[in-house]
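A short write-up of the structure that comes next.
Everything quoted here is computed from the prediction, not taken from an experiment.
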There are 2 protein chains.
Amino acid sequence: MKLTEAKNQFVSSWGALGTHWGINRTMAQIHALLLVSTNPLTQDDVMEQLSISRGNVNMNIRELISWHLVERVIIAGERKEYFIAEKDIWKVATQIMKERKKRELDPMLKLLTQLENVEGDKKDKEVKQFVEMMGSIKTLGKNVNKVLEGVAKAEEKWFVGTLLKVLK
Amino acid sequence: MKLTEAKNQFVSSWGALGTHWGINRTMAQIHALLLVSTNPLTQDDVMEQLSISRGNVNMNIRELISWHLVERVIIAGERKEYFIAEKDIWKVATQIMKERKKRELDPMLKLLTQLENVEGDKKDKEVKQFVEMMGSIKTLGKNVNKVLEGVAKAEEKWFVGTLLKVLK
DNA sequence: CCGATCTTTCAATTAGTTTTGAAACTTATG
DNA sequence: CATAAGTTTCAAAACTAATTGAAAGATCGG
């Protein structure tokens, strides 16, 4: 496979994968494109290479920036804005973890806490089972939360060295 | 909040959450409904409680069964099939992990391995960077794989006890 | 402060996904 | 084996999400 073909393959597969992860296809594709680009790209470059509209590129790049996966760079003497992706994959991964934790896990825990406080006799079997279910989901969520926080703070070396050893 | 209301809230929020996770709303809702149901339910029960069509219930229950999150139970003397959800949340979580690993991570690693073998001079800067990027994503993916395998095999107690301690 | 260049917004459209419902199929029962 | 009870399938319809593109908004240099 030639380099150009391989890059295209990567971009489109990455996009397809993103779909399963609540990330829209185009956002994932733009990210992939920037990941494998040696140089910063402009919005026009992205438009052209992925054959998508200006508005679409703009919205998705902004989203990527809000995830801290992409940043704007100014090139001296150029009017246009350029964009680059964070190339350190460990940083990319921990960044995504942090965002998803904030957007999904935290709200879920909040909900479960509310639902645990359902009215009614705790001796009633129905009520008891419900409260227990909310509690056990919440406990799991909190533990996952701690793991994610731990990993997010950790260095890649520590992850590979210590954590993987503990996990056999 | 009353029990019935709390259950409804749980079912609908769980559905909304599912949406961000590549799981369709109805599948997540059915799962939630079965999770908080004291008794096994029939397809008709689910149809009624969630106001959705027979076909929809059938397809999504089948999908849940293929994820090993729900199982069919036969009740002696009854013609109809009943369904129950796995209530042990740790098992639910590890089961979901296993499925997603199989459906998403494994294919991704396969792709990266192919792309690493791109043609061209490894001294060429473009080629070199691409190969390195594929390699580092692959390494990360393999490590995540190991973590998931470790956690999937582990008991919940071990997870809470040992892993959380290591992570501080 | 003017015009040129570039970026952002958003209503309308298009594409993609989910849901329905009726028909086909399967299985239990008298 | 005929019929009733239950399950599955799938094409069409409904719904949801992504995309476009044109217009409005910024920003820069002179």
Contact check, residues 28-49 of chain A vs DNA chain C, heavy-atom distance under 4.0 Å, returns A:Gln43

B:Asn58 has its side chain closest, among D:dT9, C:dT9, C:dT20, to D:dT9

Across all chains, not counting sequence neighbours, the ring pair (Phe, Tyr, Trp, His ring centres under 6.0 Å) partners of B:Phe10 are B:Trp14

Given protein heavy atoms under 4.0 Å, the one-letter contact record of nucleotides 22-30 of chain C, with B base, S sugar-phosphate only and - none, is simply -----BB--

Spell out, as yes or no, whether a donor-acceptor pair under 3.5 Å connects the side chain of B:Asn143 to the backbone of B:Leu140. no

By side-chain contact (heavy atoms from CB on, under 4.5 Å), B:Gln49 pairs with (sequence neighbours left out) B:Leu33, B:Leu41

Students should find that the hydrophobic cluster of B:Ile74, defined by side-chain heavy atoms under 4.5 Å apart, otherwise consists of none

Can you give me every donor-acceptor pair (side chain of residues 89-99 of chain A, partner residue at least two apart or in another chain, under 3.5 Å) with its distance?
residue, atom, partner, partner atom, Å
A:Trp90, NE1, A:Ala154, O, 3.3
A:Thr94, OG1, A:Trp90, O, 3.1
A:Thr94, OG1, A:Lys91, O, 3.1
A:Glu99, OE1, A:Arg103, NE, 3.0
A:Glu99, OE1, A:Arg103, NH2, 3.0

So the ring pair (Phe, Tyr, Trp, His ring centres under 6.0 Å) pairs with at least one residue in residues 123-150 of chain B (sequence neighbours excluded) are none

Which atom pairs, one a donor and one an acceptor, fall under 3.5 Å between side chains of residues 57-66 of chain B and the rest of the protein, sequence neighbours left out?
residue, atom, partner, partner atom, Å
B:Asn58, OD1, B:Arg62, NE, 3.4
B:Asn60, OD1, B:Asn24, ND2, 3.3
B:Asn60, ND2, B:Asn56, O, 3.0
B:Asn60, ND2, B:Asn56, OD1, 2.7
B:Glu63, OE2, B:Trp67, NE1, 3.3
B:Ser66, OG, B:Glu63, O, 2.9

Could you pull out every donor-acceptor pair under 3.5 Å between side chains of residues 155-163 of chain A and any protein atom, sequence neighbours left out?
residue, atom, partner, partner atom, Å
A:Trp158, NE1, A:Thr162, OG1, 3.4

Checking C:dT7, D:dT20, D:dT16 against the side chain of A:Glu81 (C-beta onward), the nearest is C:dT7

Members sharing A:Ile84's hydrophobic cluster, built from side-chain contacts under 4.5 Å between Ile, Leu, Val, Met, Phe, Trp and Tyr, are A:Val73, A:Ile75, A:Tyr82

Whole-Å distance, B:Ile74 CD1 to D:dA5 C1', equals 14 Å

note: B:Asn56, atom CG; C:dT17, atom C1'; distance rounded to Å ~ 12 Å

Whichever of A:Arg25 and A:Phe83 has the more 5' nearest nucleotide on DNA chain C, that residue is A:Phe83

> So, does B:Glu119 use its side chain to make a donor-acceptor pair with the main chain of A:Met1 at under 3.5 Å?
Replying inline: yes

Atom NZ of A:Lys80 and atom C1' of D:dG29 are separated, to the nearest Å, by 17 Å

What residues 59-69 of chain A contributes to the DNA chain C interface at heavy-atom separation below 4.0 Å is A:Met59, A:Arg62

By salt bridge (charged side-chain N to carboxylate O under 4.0 Å, His left out), B:Glu5 pairs with (sequence neighbours left out) none

Of the candidates C:dT18, D:dT9, D:dT20, the side chain of B:Asn24 sits closest to C:dT18

